[in-house]
Amino acid sequence: MRYTHTYRMLLILLLIVVLLLLNLLLGSVSIPAQSIWNILTGTGNEPVSWQNIVWKSRLPQALTALAAGAGLAVSGLQMQTVFRNPLAGPSVLGISSGASMGVAFVILLSGSLGGVALSRLGVMGEIALSVAAIIGSLSVMALIVYVSQKVKGNVTLLIIGVMIGYVSNAVIGVLKFFSVEEDIRAYVIWGLGSFSRVSGNQMMLFVTLMAILLPLSFLLIKTLNLMLLGDGYARNLGLNIKRARLLVIVSAGVLTAIVTAYCGPIIFLGLAVPHLARAMFQTSDHWTLMPATLLLGAALALICNLLARMPGFEGALPVNSVTALVGAPVVASVLFNKRKNDWNE
């Protein structure tokens, strides 16, 4: 079984490499594979427009999708484990809603208060949106962490998180009511999610942050395995339940906050990928599930990014539309087949 898991992970890793190359090769502008190789290695004499497409568009999008997919998938696995709820995801505690509220204040209020919305200031506007999203999501996460120290049950904390999400959406609704149509449109576009929003130094910072946070989340694997046993058994084995829950929530929350800040609220990946990993590897051991979920999240995000920029299509489809349309049938079929096998047994 152990060798089977390793073999499957190597296959997924190979799939990621292939998808990464396809993300560089395919798009609305046709660039030959040899030219892609020359651009990446600095050899040859390819047109400047092709070089800009690869270095400033396709490569940043692919790396952003890879890091965002991995982060959301790991965050979703952590949330589903700590709450022991198959429907839990990265946004279940309202952290994504907090990021959306922060961005709403920037986009929907700045135009009416200052005359020029920060969303229209190019690179500075994008940086302002990222900072606002981080402040909003971390503020909500700080509130959740405080509440988690005051309540005992996971269900109560889950309900409070859902209520925080409702309050954030209510505030956003009020801001929309008093905003002009152009600002509302800019906010709606941000809410659709995109891997193309991150470029240049922002992309390097985002990928670096995820490269630091994802390995750190692996330090919680033993804790997550103990939490699967239930609070009683875990406590008898020496686990501090409150502290463990706090660490897992902080880890998942920070991953969600960073991804939402740079890419917008990406739906589906964090909820669905852990189920795909469990179905594919037939285990609940996080020593296997955590790396499997990370790799599957990266692969699925690359597939969605590729479909969003399909050849012959000018522009890019919203990532959220692609993630739901592509992933939902796959997960539904996996869960249906699992249930059918259970009936047969």
Side-chain angles (χ1 to χ4, degrees), residues 1-6 8-9 12 70-95 141-162 210-259 269-298 335 338 342:
M1 183 66 73
R2 183 179 175 183
Y3 293 108
T4 303
H5 290 168
T6 303
R8 289 177 180 174
M9 285 191 194
I12 298 172
L72 289 175
V74 169
S75 175
L77 177 64
Q78 291 176 328
M79 285 296 190
Q80 289 175 11
T81 301
V82 74
F83 290 111
R84 291 193 284 276
N85 187 331
L87 295 179
S91 60
V92 72
L93 292 180
I95 295 172
M141 193 179 74
L143 178 59
I144 291 294
V145 168
Y146 173 77
V147 171
S148 70
Q149 300 300 298
K150 301 297 181 182
V151 300
K152 292 184 178 179
N154 288 336
V155 175
T156 304
L157 182 61
L158 196 60
I159 293 172
I160 291 173
V162 172
M210 299 306 291
I212 295 171
L213 293 172
L214 285 170
L216 288 177
S217 67
F218 276 62
L219 298 176
L220 295 171
I221 288 178
K222 185 177 178 180
T223 299
L224 292 168
N225 278 338
L226 288 175
M227 296 181 81
L228 283 178
L229 302 174
D231 291 352
Y233 282 109
R235 193 177 289 109
N236 290 336
L237 291 172
L239 183 68
N240 186 324
I241 300 298
K242 255 187 181 179
R243 181 172 172 272
R245 183 174 65 178
L246 174 64
L247 288 174
V248 175
I249 288 174
V250 169
S251 173
V254 170
L255 286 172
T256 304
I258 298 299
V259 173
L269 289 177
L271 173 64
V273 173
H275 292 294
L276 288 173
R278 291 189 191 97
M280 182 176 293
F281 289 86
Q282 297 294 312
T283 181
S284 58
D285 183 5
H286 284 78
W287 288 108
T288 299
L289 273 184
M290 189 75 88
T293 300
L294 185 151
L295 293 175
L296 282 171
L335 296 178
K338 182 177 182 299
D342 293 341

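The minimum heavy-atom distance between V273 and A73, with the atom names listed, is CG1-CB, 3.7 Å. For A252 against M79, the heavy-atom pair with the smallest separation is CB-CE, 3.8 Å.
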Step by step, work out the side-chain contact (heavy atoms from CB on, under 4.5 Å) result for L271 and Q80. CA-CA 8 Å; L271 173 64; Q80 289 175 11; 3.9 Å; yes

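Using a 4.5 Å heavy-atom threshold, the side chains of L239 and L237 count as separate. Residues T223 and M227 form a side-chain contact, since some pair of their non-hydrogen atoms from C-beta on lies under 4.5 Å apart. The closest side-chain heavy-atom distance from N240 to R235 is not below 4.5 Å. The side-chain heavy atoms of S284 and R278, taken from C-beta on, include no pair separated by under 4.5 Å. Between L72 and L255, the closest side-chain pair of non-hydrogen atoms is not below 4.5 Å.
There is a side-chain donor-acceptor pair under 3.5 Å between H286 and T81.
Take T256 and apply the side chain to side chain donor-acceptor pair (under 3.5 Å) test, not counting sequence neighbours, and it matches S75.
Screening residues 79-90 for salt bridge (charged side-chain N to carboxylate O under 4.0 Å, His left out) gives R84-D231 as the qualifying pairs, with residues at least two apart or on separate chains.
More than 12 heavy atoms of other shown residues, nucleotides or ligands fall within 6.0 angstrom of atom NZ in K242.
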